[in-house]
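A short write-up of the structure that comes next.
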Amino acid sequence: MTELINLSAAALAEKLRSGEVTSVEAVQAHLDRIAAVDGGERGVHAFLHVNAEEALAVAAEVDAIRAAGGAEADSLHPLAGVPIAIKDLIVTVGQPTTAASKMLEGWMSPYDATVIDKIRAAKLPMLGKTNLDEFAMGSSTEHSAYGNTRNPWDLDRIPGGSGGGSAAAVAAFEAPLALGTDTGGSIRQPGAVTGTVGVKPTYGSVSRYGAIAMASSLDQIGPVSRTVLDSAYLHELIAGHDKRDSTSLTDPVPALVEAAKAGATGDLTGLRVGVIKELTGEGYQAGVQQRFDESLELLKAAGAEVVEVSCPNFKYALGAYYLIMPSEVSSNLAKFDGVRYGQRVLPKDGPVTIERVMGATRAAGFGDEVKRRIILGTYALSAGYYDAYYGSAQQVRTLVQRDFDAAFEQADVLVSPTSPNVAFEFGSKSDDPLSMYLNDVATIPANLAGVPGISVPGGLSEGLPVGIQFLAPAREDARVYRAGAALEKLLEDAWGAPLITQAPELAAAIEEGAA
Amino acid sequence: MSATENLVDFETALQTYDPVLGFEVHVELNTKTKMFSSAPNAFGDAPNTNVNEVDLGLPGVLPVVNKTAVESAIMIGLALNCQIAEKCGFARKNYFYPDTPKNFQTSQYDDPIAFDGFLDVELEDGEVFRVEIERAHMEEDAGKLTHMGGAAGRIQGADFSLVDYNRAGVPLIEIVTKPIVGAGTRAPEVAKAYVAAIREIVRNLGVSDARMERGNVRCDANVSLMRKDAEAFGTRTETKNVNSLRAVDHAVRFEISRQAGLLDAGESIIQETRHWHEDTRTTTSGRPKSDADDYRYFPEPDLVPIVTTAEWIEELRSRLPEPPAERRKRLKADWGYSDAEFRDVVNAGLLEAIEETIAAGATAAVARKWWMGEISRLAKNAEVEPTELGVTSATIIELNALIEAQKINDKIARQVLEYVIAGEGAPAEIVEKRGLAVVNDDSALGAAIDDAMAQMPDVVEKIKGGKLQAVGALIGPVMKATRGQADAGRVREIVLEKLGVDG
């Protein structure tokens, strides 16, 4: 069954359609893989909850429909029967949703997120819920209340964050597909450091309904996979207008699969690729920069016109982000008070009043990083500081958008390393929040401007994956798929195989799993 | 020293001070669904039944603006002669309270949908007073807390509190006036007339049930005093939830007396919210409220701005009903009331009640007679609004029908009304149950009349002598003997018959 977990989602879907394998077999193979590599002291720990029974039931249903044939079988979604993992920030009926926080330990949502509605309708078996930094706050998944997720490339290193669980699950062949959420890079940066593909769609193009809000104006749900084409399939499935989300765009879903297939020919003739001056060079690890430069050469060779663009305000983006995000966090997390759901902690002594219960609940329920951001945001929004902090940050946000507008006059897509460094070791930055925040320097501008971005594997540095990020104007998600798929193809041709097959720890684990 | 010991007589207070008023009136809209969710907006259902995940503020939920509520807001703005914003947004007002599920209220902050309007209110003598409107903005209502185990439902001393989120998310329009100056001794009257006018407008528009007793219209009254020679406003207090027209009048009156007392004694007014107590018609201190209360407002990132077009606004304007002033003119003519009669009806706040009663089939005279007469009298005794007694158009029509059929007389009808109010049922039912039907049985009446005539031979003589009005003296004892159930007209006929006098 090992070969089943090695398949891309598209390839697996093809085998399901042809009847070569059943969905139950595919789901079981992934459940076996999870059992083999996820748990234990040296396990990947990508999953907070495994949903075997329901996943197998959905798989059996798909198999039955296929076996019966006819119109129902013909109308199945192309990904029907392909298993998927869900970031535990997205609410699901019948499975716990914790946001990796003690605050929601044991909480069961009574409603499904819109993306989950779509996943259910398309009949993708959900393998379970994946780990993350608590309430999606972090860049390493070290801030989960339920323990670290390990990077399958080196189990002593972080898998990125906050979507470390989703990225690691896909990198470790525990799932061919996963959903993540990206507020400042939480899909793309974990993708980069785990050698997977992660996409942040255009803001508003995928409904946020049911994604536990971190920073509403920045959050976006997106796909995680091992190939660009797989992300395109999943992205098309989850996109589209949702009347339950006011910020949801009414645009038709773009032809992303088509764009990815077009890109995979490796021909980029006529595509103008802009290198963002401010997102290369200083601050980027030498190995990361080197892989990036090599990628640029490949793009040029494929016919792309590479130009340098300047986004002078990007240097303020990180600062603006770390004011806007915590401001929204401070308001969005106010609902976690122990009154209606989740944990309720009574004060150890003294009177049991509403204020004291809220205080005790939050003291016990929230981790340090969450508290840090709530306090920061509360301060930034407070009277007398609003203009200096939140107001200025919003102005910077406008400037960043203008930088993008100007850059996209010169280039069809922009390109940069996704993360300035490869995966670091656990604990090496967790005592220094500011250095941790620098991990998101290249991904944050896209969230501030609402534009789409993709991270594709760009090779190894010190034996660890490096990610290459493409950005496109809002609503032009197809462009990042075209460019991403082209680079993926060019690199695979150069390497002779997908990058993911070069992971040493994984190879060992796969052998153990198969044995 | 308690403030109540220091009250200055209202008239005296206003010799020294000019009152400055301000009102925040919250109007609950009667939309089918809530402001930001698809849950039903309904009153009186079992707790926590009209809620969905959005109203409960569950993790992951997002608000969606109710378009009908926006249209209602615009119509209210237009009726208040306001400008309508071309583009406006929502903000989050962050504060912690168990009846606000998200721990912030979604409201409008610096860009209300309607602003800079005015409302001309008619006072009791027909004088028109213009109240300037600062803004009318949209927001959502909070849930309802019931404190258990303490005294009188207060949170102090309570063992626990129950939360009902049915009201959470009900659309509200908050109408805020500019400072109202120059009302002088008529301040309480202006206050009452203003709130009455708002209520009338929103009811006319059909956007709210406008029932103050249910909290559909809720008023917070700001009052401050400035010495007659002063240039700046004094410190104001905000009396919360003054939720009847009478209370608005009384609360303003009380605050003027109280504040004058403090100012006369050289003390200063604390800027605070105050609680209104209907039983004692006084206010007591609530929480301090400074202008710097930090709600950490910021633009609601989950909602996109509302953009209004000229066409949309004009379409809504075309839906506005007849303005109340014109409507009053028309009704007065239709009903044939005199100026004084009509003004009394308006001042009593009974225009709608009478209109409804007439629409239900009563004549204008009958509707007026009951609402302005017995119902108002009983309401006064009970210290409530006439419309709060529970008397319906149907009650009046039924009572009147019983009188016309000579089943009961006027006096008994008034008694029956009291029994209706006491909850004994519909008029006919009460007449039946209590055996109040007029005694039309001539033999029974005859005996009572014979007794009365026997006891008052002088009266009998007078009648025989042609003084027919003397019959009245016999009617009293006959009524007494029949426990008021005799028909006075029939008694008169029988007496005249018996004495062979031609009536």
Side-chain angles (χ1 to χ4, degrees), chain A residues 89-91 97 99 101 103-104 107 109-114 135 204 207-213 215-219 242-248 324 327-328 330-337 339-342 352-355 357-358 377-386 390-391 394, chain B residues 36-38 48 51-67 89-106 109-110 143 145 147 155-156 158-161 163 165 168 290-306:
Chain A
L89 194 69
I90 299 169
V91 306
T97 303
S101 180
M103 195 59 95
L104 284 176
W107 180 67
S109 174
Y111 77 103
D112 271 328
T114 297
F135 286 106
S207 172
R208 287 184 293 119
Y209 197 81
I212 297 177
S216 307
S217 73
L218 302 160
D219 295 344
D242 180 10
K243 61 180 170 45
R244 294 188 293 181
D245 177 354
S246 304
T247 61
S248 165
I324 293 168
S327 295
E328 295 187 14
S330 73
S331 177
N332 279 332
L333 268 62
K335 61 172 60 167
F336 299 100
D337 57 12
V339 173
R340 281 148 290 125
Y341 46 77
V352 183
T353 63
I354 181 69
E355 285 85 359
V357 171
M358 279 190 195
T378 303
Y379 183 75
L381 285 178
S382 60
Y385 299 100
Y386 179 92
Y390 185 84
Q394 287 291 18
Chain B
F36 299 115
S37 92
S38 57
N48 296 310
V51 291
N52 64 18
E53 68 263 19
V54 176
D55 309 299
L56 293 174
L58 292 190
V61 299
L62 296 171
V64 177
V65 175
N66 183 332
K67 190 183 176 196
F90 285 92
R92 290 189 185 176
K93 183 179 182 180
N94 291 284
Y95 65 99
F96 295 149
Y97 212 66
D99 63 356
T100 55
K102 298 168 291 184
N103 276 327
F104 60 77
Q105 182 189 34
T106 306
Y109 178 47
D110 47 12
L145 290 174
H147 305 295
I155 192 168
Q156 285 82 11
D159 296 326
F160 59 93
S161 303
V163 197
Y165 290 109
S290 75
D291 290 327
D293 275 344
D294 194 353
Y295 292 116
R296 302 188 312 285
Y297 283 102
F298 77 105
E300 166 60 271
D302 287 326
L303 291 170
V304 290
I306 293 167

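Because only heavy atoms are used, hydrogens play no part in the values below, and waters and symmetry mates are left out as well, while side chains stay in. Computed from a prediction, not measured in an experiment: that's the story for all the values here. So that the names make sense, note that chain A is the first sequence line, chain B the second, and so on, each numbered from 1.
For the residue pair A/Arg340 and B/Gly57, the shortest heavy atom distance occurs at NH1-O, 4.0 Å.
Using a 4.5 Å cut-off between heavy atoms, A/Thr378 touches chain B through backbone and side chain atoms alike. Contacts between B/Tyr297 and chain A at a heavy-atom distance below 4.5 Å involve the backbone alone (N, CA, C, O). Of the atoms belonging to A/Ala113, not a single heavy atom falls under 4.5 Å from chain B. Residue B/Phe104 touches chain A through its side chain alone, counting heavy-atom pairs closer than 4.5 Å. For A/Phe336, the part lying under 4.5 angstrom from a heavy atom of chain B is the side chain only. For A/Asn332, the parts lying near chain B are the backbone and the side chain together; criterion is any non-hydrogen pair under 4.5 Å.
Below 30°, between 30° and 60°, or above 60°: for B/Tyr95 and B/Tyr295 the angle between ring planes is above 60°, a perpendicular geometry.
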### Task
Quick one: do B/Phe298 and A/Tyr386 satisfy ring-ring contact (aromatic ring centres under 6.0 Å, His included)? Show the steps, please.
CA-CA 9 Å; B/Phe298 77 105; A/Tyr386 179 92; 7.9 Å; no

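The most heavy-atom pairs under 4.5 Å with chain B, out of A/Ile354, A/Ile212, A/Ile90, A/Thr97, come from A/Ile212. No other option in A/Ser217, A/Gly391, A/Ser382 has as many heavy-atom pairs under 4.5 Å with chain B as A/Ser382. Top candidate by heavy-atom pairs under 4.5 Å with chain B, chosen from A/Leu89, A/Val339, A/Val352, A/Asp245, is A/Asp245. Options B/Ser38, B/Pro101, B/Ser37 differ in how many heavy-atom pairs under 4.5 Å they form with chain A, and the most are formed by B/Pro101. Chain A forms the most heavy-atom pairs under 4.5 Å with one residue out of B/Val163, B/Leu56, B/Asp302, and that residue is B/Asp302. Between chain B and the options A/Ser327, A/Ala99, A/Gly210, heavy-atom pairs under 4.5 Å are most frequent for A/Gly210.
Although no hydrogens or angles enter the test, the distance criterion places no donor-acceptor pair under 3.5 Å between the side chain of B/Thr100 and the main chain of B/Lys102. Using a distance-only test at 3.5 Å, with no hydrogens or angles considered, no donor-acceptor pair links the side chain of B/Asp99 to the main chain of B/Leu145. Judged purely by atom type and a 3.5 angstrom limit, A/Ser331 has no side-chain atom pairing as donor or acceptor with the backbone of A/Glu328. Within the 3.5 Å criterion, the main-chain N or O of B/Arg296 finds a donor-acceptor partner in the side chain of B/Asn94.
Using modelled atom types, one finds a donor on one side chain and an acceptor on the other under 3.5 Å when comparing A/Tyr209 with B/Glu53.
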